[in-house]
Amino acid sequence: MTAISIAWITLPFLVGFSIYLLPQLSRYLAVAVSLVSLGYGMQQVLRSSPVTLQLLDNFGVTLTIDSLSGFFILTNALVTLAVLLYCWAGDRPAFFFTQIILLHGSVNSAFICADFISLYVALEVIGIAAFLLITYPRSNRSIWVGLRYLFVSNTAMLFYLIGAAMVYQTHQSFAFTGLAQAPTEAQALIFVGLLTKGGVFVSGLWLPLTHSESETPVSAMLSGIGVKAGVFPLVRCALLAEEIDPLVRLFGVGAALLGVVYTVLEQDTKRMLAFSTVSQLGFVLAAPEVAGFYALTHGLVKSALFLIAGNLPSRNLKTLRLEPIATQVWLPLAVASFSISGFPLLSGFGAKVLTMKNLLPWQVVAMNLAAVGTAISFAKFVFLPHDTQAESKAKPGFWLAVGLLVAGLFVANGVYYEAYNPTNIIKPLATIALGWLAYGLVFRRVLVQPPRVLEEFEHLIGVMSLVAIALFWMVLA
Amino acid sequence: MPILEAFIFATVFCGFFGIIWKRNLMMKILAMDVMSTGVIAWYVWVAARDGLLAPIDTGGEAVDYADPVPQAVILTAIVIGFSIQALILVGAMKLSRDTPTLEIREIEKNNTP
């Protein structure tokens with residue numbers, strides 16, 4: 001197992017750089033890497049006991065691979081595969097595929113590492129690969145968006161590094177397990193880093209602009225899997241240490257509510273999807289025990305939605321309501337919207353039921369509100385006018401990619417088939433009905449643009465310091 | 001030693017406040033570098049708490065040696081920090097063609113939808 005795991009984790013980096021030497025094979029090599037990850041992830045999901053690897057002696061790299069990592073790896077493989085299929089026919093150069101595969105590999109390594117320094121390296125590589133993908137069009141706007149992302153994430157990671165050194169001071173080791181008994185400052189600083197990197201709650205306000213202004217496949221990749229690399233260690237730490245668990249849950253609830261308020265009001269499709277990512281990450285964190293399945297469902301649905309939104313005639317929902325869109329594009333859009341709202345027969349249903357079951361009593365009201373908010377927001381997509389005669393300019397790769405992701409939503413539904421009993425089915429249906437009613441009566445007519453002032457660069461850094469201070473108080477309490 | 005630690009944290013804070021208060025992108029990047037210098041110094045300080053000598057076995061008597069683990073770790077972080085600085089500076093260079101002053105507000109006004 002050790003040899004297979006090491007071969008699997010190094011493969012993306014070896015192939016990533018070889019792609020640059022063999023540009024003709026770029027697409028095939030990239031798809032091969034994601035298929036290998038798919039197989040490996042599938043195997044880990046079914047695994048009952050975790051594997052722990054200790055590489056290079058006592059102070060070396062520690063890796064832990066269990067079914068939680070398995071779910072995240074599987075998500076990563078499927079999202080990468082879909083993005084590659086989407087880009088298959090275009091004239092994208094080898095450079096693009098190199099970056100996608102390096103991003104894939106570094107996200108994978110973030111999902112299996114068990115010490116703060118390996119995680120730091122993985123997160124920084126993700127930052128660099130994401131920056132190169134975002135700035136790839138080389139327009140001034142994309143450069144600014146990428147620069148802003150890299151700057152914010154690097155500043156957050158500096159705080160994280162200070163925290164990691166403090167953990168080392170107390171335990172003479174960088175292992176995740178040390179976080180529980182580490183000084184409070186260490187916990188606060190590490191959290192600042194991970195919350196910012198994962199785009200959680202107010203620390204995640206860099207995310208909407210970054211994800212909405214990137215190219216379609218890049219948005220799908222970043223929103224589907226990129227941010228989960230920051231969320232995964234939070235989940236892992238919450239499961240390892242009881243003291244951390246309430247803090248993670250609290251931030252989950254905060255993120256779910258903050259994201260959903262923006263999602264409901266937003267009239268730009270890509271920005272709406274980006275804010276919905278903030279809110280869905282809140283769902284992932286709200287119940288750390290079952291985070292894996294929710295992350296898988298969200299990864300599939302969000303990348304599908306981003307790919308579809310990129311092929312709609314306009315980004316503005318008001319414009320989209322005037323002219324009918326092609327029914328064959330509307331269909332997957334509606335299926336994905338149903339899944340994210342938690343409609344039975346799609347994996348979003350099982351994931352929501354499972355998460356709601358594992359909430360603590362104080363979280364229930366807030367998370368149900370967030371679920372209604374999600375239904376309201378995605379009613380905007382479900383009720384778009386559509387017409388079989390309307391033309392779509394989508395390429396064959398688009399259909400393959402979206403087909404894969406939507407099929408994934410149906411298949412993943414089987415993971416938690418115990419969810420199908422009358423009470424479980426009625427509740428999400430009621431939530432969706434309530435959401436649609438609210439949409440039809442109120443929110444369809446509301447045209448309040450949420451302010452963007454908090455997304456300005458200086459406020460992002462300012463908010464980071466406020467979160468740091470708040471965290472100091474929370475861990476001291 | 002505590003004074004040294006205080007200076008290190010002062011450096012980190014100087015850097016961070018520079019990132020917040022400086023209006024110019026170039027100055028912000030430099031401030032980030034100051035902050036990361038502070039962090040690197042903090043790792044060196046952590047390593048040097050128990051001794052300053054290199055941990056080389058010369059066969060002689062045992063000496064107080066510096067902890068090699070944080071030093072090894074921070075070497076990686078220095079390389080990563082350096083490459084990120086380089087990428088950000090290239091970005092700033094490209095942006096300076098349209099916004100020669102590199103005032104952050106101007107850049108933001110021109111480049112956000």
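Convention: sequence-line order gives letters A, B, ...; per-chain numbering from 1. Both backbone and side-chain heavy atoms feed into the values below; hydrogens, waters and symmetry mates do not.
Within residues 89-98 of chain B, the residues that have a heavy atom under 4.5 Å from a heavy atom of chain A are B/Gly91, B/Ala92, B/Lys94, B/Leu95, B/Asp98, listed by number. Contacts with chain A (heavy atom to heavy atom, under 4.5 Å) involve these residues of residues 3-17 of chain B, listed by number: B/Phe9, B/Val12, B/Phe16. Within residues 159-174 of chain A, the residues having any heavy atom closer than 4.5 Å to a heavy atom of chain B are A/Phe159, A/Leu161, A/Ile162, A/Ala164, A/Ala165, A/Met166, A/Tyr168, A/Gln169, A/Gln172, A/Phe174, listed by residue number.
Residues A/Thr155 and B/Ile19 form a side-chain contact, since some pair of their non-hydrogen atoms from C-beta on lies under 4.5 Å apart. Under the 4.5 Å side-chain criterion, counting only non-hydrogen atoms from C-beta, B/Ile84 is in contact with A/Ile128. Residues B/Leu87 and A/Leu132 meet the side-chain proximity criterion, which asks for heavy atoms closer than 4.5 Å.
Of the two parts of A/Glu213, only the side chain, counted from C-beta on, holds a non-hydrogen atom closer than 4.5 Å to a non-hydrogen atom of chain B. Of the two parts of A/Ser139, neither the backbone nor the side chain holds a non-hydrogen atom closer than 4.5 Å to a non-hydrogen atom of chain B. In this structure, the portions of B/Thr112 lying under 4.5 Å from any heavy atom of chain A include both its backbone and its side chain. Heavy atoms closer than 4.5 Å to chain A are found in the side chain of B/Thr76, but not in its backbone. With a threshold of 4.5 angstrom between heavy atoms, B/Lys22 approaches chain A through N, CA, C or O but not through any side-chain atom. The contact between A/Phe151 and chain B is made by backbone and side chain atoms together, counting heavy-atom distances below 4.5 Å. For B/Ile104, the part lying under 4.5 angstrom from a heavy atom of chain A is the side chain only. Residue contact with chain B, scored on non-hydrogen atoms closer than 4.5 Å, involves the side chain of A/Arg452 exclusively.
Rounding to the nearest 0.5 Å places CG of A/Asn140 at 5.5 Å from CG of B/Asn111. Atoms CD1 and CG, from B/Ile29 and A/Leu147 in turn, are 6.0 Å apart once rounded to the nearest 0.5 Å. To the nearest 0.5 angstrom, A/Phe457 atom CZ is 8.0 Å from B/Glu108 atom CD.
Interface remark: of the candidates A/Arg138, A/Met157, A/Glu456, A/Glu456 forms the most heavy-atom pairs closer than 4.5 Å to chain B. Between chain A and the residues B/Ile20, B/Val46, B/Ile80, the largest count of heavy-atom pairs under 4.5 Å involves B/Ile80.
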- Check against side-chain contact (heavy atoms from CB on, under 4.5 Å), A/Ile461 and B/Trp21: CA-CA 10 Å; A/Ile461 306 279; B/Trp21 281 326; over 6 Å; no
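Heavy atoms only, all atoms of each residue included: B/Val73 and A/Ile117 are closest at CG1-CD1, 3.3 Å. When all heavy atoms are compared, the tightest approach of B/Met32 to A/Leu158 is O-CD1, 4.1 Å.
Under a cut-off of 6.0 angstrom, the local environment of OH in B/Tyr65 is sparse, with at most 12 non-hydrogen atoms contributed by other residues, nucleotides or ligands.
Checked for salt-bridge contact, A/Glu458 and B/Arg23 miss the test: no charged N lies under 4.0 Å from a carboxylate O.
Residue pairs that meet the salt bridge (Lys or Arg N to Asp or Glu O under 4.0 Å) test with at least one member in residues 65-93 of chain B, sequence neighbours left out, do not exist here.
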